[in-house]
Structures are given as structure tokens and as C-alpha cells.
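Written below as C-alpha cells is the structure these notes are about.
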Amino acid sequence: MKIHTKIIIALILGAVFGSVFSIDQNKLSIITTNGESVIQNWNSVKFLKGDSVLKTYDASSQPGIIKYFNSVKDKKLKENIRIEVIYPSGNSEFIEHIKEISKVKTIAVYLKPAGDIFIRMLTMIAVPLVLSSLIVGAASLSDLKHIAKIGGKTLGFYALTAVIAITIGLVCADIIQPGKFMPEENKQRLLETFQEDAQGKIEQGVSLNIIDFLVSIVPKNPFKAMADGDFLQIVFFAILTGIFLSQIKTHKAKVVIDFFDGVSSAMILLVEKIMYIAPFAVFTLISATVAEFGFSILQTLLLYTVTVVLGLAILTFVEYPLLLKLFTKVNVFNFFKAQRQVIAVAFSTSSSAATLPVTMDICEKKLGVPNRIASFVLPLGTTVNMDGTALYQAVAAMFIAQVYGFDLNLSQQLTIVLTAALAAIGTAPVPGIGLIMLIIVLKSVGVPEEGIALIIGVDRILDMCRTVPNVIADSLACVVIASSEGELGEISAE
Ligand code: ASP
């Protein structure tokens, strides 16, 4: 059986396994100084200090209960908090000296470390792979002008796809109006449940300044850039190193280029070996996500989720094929078929950075993109080109605005196009950052940033979905640029 078939089967089995061993949303493990007690199917849970009630939660507030307890920072208060659990029968139970409150884990969650190892191994490879292959690639590009030309085309293409993606998102949100149908009661419940999470993200105080962003592309210390996994800085350093290697004496340059060529080949081989464990890793990642995910929240946010997923589907299956047809002669079906592994890894890891080594391998081996183009276009795209994230940010901003009763006019929607494009550029290629950068988009149109609490509950699942077009767009750019340079080889979909 081919590896991608195994991965797809693992994905489906993982989803089934995760839903069979899903975490009970009406069960909590409470660790006290006297041991563990498990409560379930409560009618309400009250946090008490003495006899005064600090907070009351109802039957469907499992995440709220955990978050409230964790949010109490005052050690003394925490020690004195007790809870009263009231059951549908009217009976109640008191629990005190609480040390920890958590969900009751299942086997699906206990298997997740295997998936985490897979993500860490791919992430481990990404930096040495990008550095070495780009140094070799840049050394083979004849001159700076050539690199500038490819760079210009790449950024132009990325800007084009991002603007179209955001427009798709806005049109979907304008037509479906997902926020108009949210009952006030659901809004209040979501705001309350995810208030602390939202606050934590807002406090990170993200901002975006173009000049600072451009300046920060130049690393002060390339080793720090590598340690931090800052791809833009690594790209900058690697290109300069490659170019100047090609301008020094051949015998000196050759040893260095051979060295990096060796590192790059070893890393690529390592990616291929790591992919052997991909089916099992994908299984554990998907099953843990499904098991941990509270599907009841999906009902509350169904229309919003459908709007984002529909937008992402149009982006992936309409915009990308059209661009592929417009700019290349590549067969659309084969293009997608060749990328099954990339799609599965992006979906299950939610990380463009972890997927990068796989994307690079597939682009070079299956899509016929020469190394000197792939090694440049892909790391750049991983960092700045996030169409899926940009589209998601546009829909999310519109949704939150609609829930709060703001009617965003055309000029405000154009502001969203601009800020979402920039916010996506500033989004790090790792899970969940798109949501934090959304705050910038909300601020730009005056929508309350606390509104991110409304959508946090489904972010994990949407993150998986938006990471897929994020990485496909990078491969697409590689194919388009290589084709425009007349350097695209044969595509092999097998
Ligand atoms: N998870 C996304 C990626 O790695 C980024 C995001 O949208 O949060 O591409």
C-alpha cells in the first residue's frame, strides 16, 4: 500500500477512534489533597469562598469551570475555594482543598505524544534543510539580478493570491451573514466561557509595523535566527552566503557548497524516512483533536464554521486551479494528486513550518520544481504567504462585527483586505497564531477585540483547515515561478 493511501486511512480511522474515545464534556476530574474525585452530569457547579458564591456554571460549562479555577492566581484564595456540585436530583456535594481541575482523559489523548514527536522531528529538519538547500540554490543562481527577478515574481504572486483569498472570504461572509443569526444567549455564553483565553491573547499585544517588519528581516545574529526558526532571516542570510560563495575562489567555495549540499541531501532523506511513521502520527494527532474537541460548540458556531470552510474550499478548488491553468500547463488533477502527503501533514499538524520539509521534498521530487527555485520560494511562502489564514481572518472579522451589530461598509471591508493581507504575512507558520493576528484586523475596523472569545472554541479545527491552502499556495507558487522561468520538469502524480 502506498504511503499516502495509508495516511488517508489513518486520518479517517483517527477521526473514528477520536469520536469513540472522546472526552466526556460532562465529566471532570478534581484532584484534592485527599486524592481524586470525578464528578459528572451536574446541573450546576458553584465556586464558593466561605458561603459567598464566586461564580456559578451550568451543565454545559466544562471549559469555563476549568478555566475559572486556573485563572485564580491568588494562592490563598485558591486554597480556600470549595465547590458545590448540584445534581439534577437536587442532591449536592461539596469538594474542598482543590489542587487541580481537569477533563478526564481517554486513550485517544494519551496516544498524542507520538504525534507530537512527528511534528517535532519535521520542525527539527526545517531549519537545517532551508539553510543548506538555499545556500546551495543561491550559489547556483548566476547573479543578484536573477534572484531579485524570482523574488519579485514570488512576492507579486503571493500578493495576488492573498487579495483574491480575502475577497472570497468577504464575499462569503457578506452573502451568508453568519453573525446575524447568533442568538444573544449564545453570544453571552461564548464570551463568558472564552473570556480568559481571549484576554490572554489580547495581552500579547501584537502590532504590525511595515518598516519594523522589513528591518527585522536582516538578522543581527544568524545563529539566533536559526535557533528561533525565523525563516525570513534565515532566507536573507542564506541567499547572501550563497551568492558570495559563488563569487570567491572555486576551490574554497566548493568545499562549503559540497558541505551544505550533503546536509541538504541528508535532511531530505530524513524527511522521507520520517514519513514512514506519518500514518501512525496522523492517526494519533487526529484522534486526540477529535477526542478533545467539544462538538456541541460546533453547533453554536455552525454557520460561521461553514462560511470559513466554504471560503477555503473555493480558494483551494476554484482559485488555485484557475491560477494553475492561467500560468502553467500543469494538469490540475495531477497537481493535487501529487500533494496528498503535504495536505494530510498540513491538516493534521496545523503547521506550515512542520509541513515545509515535506512540501520541499514533494515539490522537487514530484512536481518537477528545481531545487534553486523550491529552496527559495517555499521558505519565503511558508512565512509570508498564508492565503487560508488571510481568508479566515476576513471571515472572522466580519462575523464578530455582525454579532456585535456593526455594519461594515465598503471602505471598512477594503481596510480588512489590506490588514488581513498584512496580518497573514505577520502570522508565524505554527498552530493558532492566525487567531492572535486577527486582533490587528479587528482593531483596524474598530470591532471589539474581546470578540475573539466568540470564535476561540472552533479555532483548532479551522486552523487545520486553513493550513492546507496555506501550504498548497506555496507549492502552486513554486510551479508557477518555475514554469515562467522555463525550468519546470515533469510532474509525477504517483
Ligand atoms: N496554522 C497556520 C499555519 O501554520 C497559521 C495560522 O493560521 O494560525 O499555516
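Scope of the values below: all heavy atoms of this structure, side chains included, with no hydrogens, waters or symmetry mates. In this chain, residues are counted from 1 in sequence order. Since the model is a prediction, treat every value here as computed from it, not as a measurement. Both ligands and their constituent atoms are indexed starting at 1 by order of listing.
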* Between D459 and Y392, does any side-chain donor sit less than 3.5 Å from a side-chain acceptor? -> yes

* Less than 3.5 Å between some nitrogen or oxygen of T467 and one of ligand 1, yes or no? -> yes

* **Nitrogen or oxygen of P429 less than 3.5 angstrom from that of ligand 1** => yes

* Could you list the atoms of ligand 1 found under 4.0 angstrom from a heavy atom of D463? => 1 (N), 2 (C), 6 (C), 7 (O), 8 (O)

* Should the ring pair F283 and F17 be called parallel, tilted or perpendicular, given that the plane angle runs from 0 to 90° and is split at 30 and 60? -> tilted

* To do: Run the numbers for me: atoms of ligand 1, each under 4.0 Å from some heavy atom of P431, listed by number.
  => 1 (N)

* Asked: Between the side chains of S133 and S264, is a donor N or O closer than 3.5 angstrom to an acceptor N or O?
  -> no

* So, are K112 and D116 salt-bridged, with charged N and O less than 4.0 Å apart? -> yes

* Residue T389 vicinity, atoms of ligand 1 by number, heavy atom under 4.0 Å -> 5 (C), 6 (C), 7 (O)

* **Residue I433 vicinity, atoms of ligand 1 by number, heavy atom under 4.0 Å** => 8 (O)

* Asked: Near S352, which atoms of ligand 1 are under 4.0 Å from a heavy atom of that residue?
  -> 3 (C), 4 (O), 9 (O)

* Asked: What do you reckon, are the aromatic ring centroids of F336 and F317 less than 6.0 Å apart?
  -> yes

* Which of the ligand 1 atoms, numbered from 1, are nearer than 4.0 Å to a heavy atom of G432 -> 8 (O)

* Asked: Is ligand 1 under 4.0 Å from a heavy atom in the side chain of V430, in the backbone, in both, or in neither?
  -> backbone

* Asked: Which option out of G434, A390, A354 puts a heavy atom nearest to atom 6 (C) of ligand 1?
  -> G434

* Are D228 and K224 close enough for a salt bridge, meaning some N to O gap below 4.0 Å? -> yes

* Asked: Salt bridge between K149 and E485, side-chain N to carboxylate O under 4.0 Å?
  -> yes

* Asked: Can you list the ligand 1 atoms lying under 4.0 Å from a non-hydrogen atom of N470?
  -> 2 (C), 3 (C), 9 (O)

* To do: Under 4.0 Å from a heavy atom of S351: give me the atoms of ligand 1 that qualify, with their elements.
  => 4 (O)

* To do: Flag the pair E292 and K105 as a salt bridge only when some basic side-chain nitrogen lies within less than 4.0 angstrom of an acidic carboxylate oxygen.
  => no

